[in-house]
Amino acid sequence: MSELDDAIENLNAAIKKTQEYQDYEREKDKVGRIPKLKEQIDEFRIRNYEMQNRSDDKELFHKMDEFEQKYEKFRENPLVADFLAAELAFCRMMQMINIRVTESLDFDLTV
């Protein structure tokens, strides 16, 4: 195993020890025990992703408002809310890790 592989394994082990990762895994496990709810959350996540990646849509704000209204009650479910909050915290941590790695390497991200 190379030095880089060792470093990646160490980083993965450190990530798994974080509160963000442990919270995410716990909430993912809770949701996974209810297949229908997991399916609904996955559908919400797909629609949310699609909504966030519509840069050319002239009615984006209107569609975002409709999306929020459609899923408002769904997101009030404590299992859903807790899972989405844990997932968001974990994703933000991973983004921060990515930013710190790329910045420390002087990686030019301009296009």
> By salt bridge (Lys or Arg N to Asp or Glu O under 4.0 Å), which residues pair with D6, not counting sequence neighbours?
Replying inline: none
Quick check: is [Y] connected to [X] through a chain of hydrophobic side chains (ILVMFWY, heavy atoms under 4.5 Å apart)?
X: V101; Y: M93; answer: yes
X: F90; Y: M96; answer: yes
X: M94; Y: L11; answer: yes
X: V31; Y: I34; answer: yes
X: Y49; Y: Y71; answer: no

Student check: side-chain heavy atoms of [X] and [Y] closer than 4.5 Å:
X: Y21; Y: E25; result: yes
X: E50; Y: I46; result: yes
X: F44; Y: L84; result: yes
X: L37; Y: F74; result: yes
X: E68; Y: E72; result: no
X: F67; Y: R47; result: yes

>> For residues 81-102, which residue pairs pass the salt bridge (charged side-chain N to carboxylate O under 4.0 Å, His left out) check, not counting sequence neighbours?
In response: R45-E87
>> Measuring from atom CD1 of I8 to atom OG of S2, what distance do you get when rounded to the nearest 0.5 angstrom?
In response: 7.0 Å
>> Using 0.5 Å steps for rounding, measure from the CZ atom of R75 to the CD1 atom of I41.
In response: 10.5 Å
>> Are more than 12 heavy atoms, taken from residues, nucleotides or ligands other than E3, located less than 6.0 Å from that residue's CD atom?
In response: no
> Do other residues, nucleotides or ligands put more than 12 heavy atoms under 6.0 Å from the CE atom of M64?
Replying inline: no
> Does E66 pair with K70 as a salt bridge, N-O distance under 4.0 Å?
Replying inline: no
> Would you call R26-D23 a salt bridge at under 4.0 Å N-O?
Replying inline: yes
> Parallel, tilted or perpendicular: which fits the ring planes of F83 and Y24, with parallel below 30° and perpendicular above 60°?
Replying inline: tilted
> Is there a donor-acceptor pair closer than 3.5 Å between any side-chain N or O of E27 and the backbone N or O of L79?
Replying inline: no
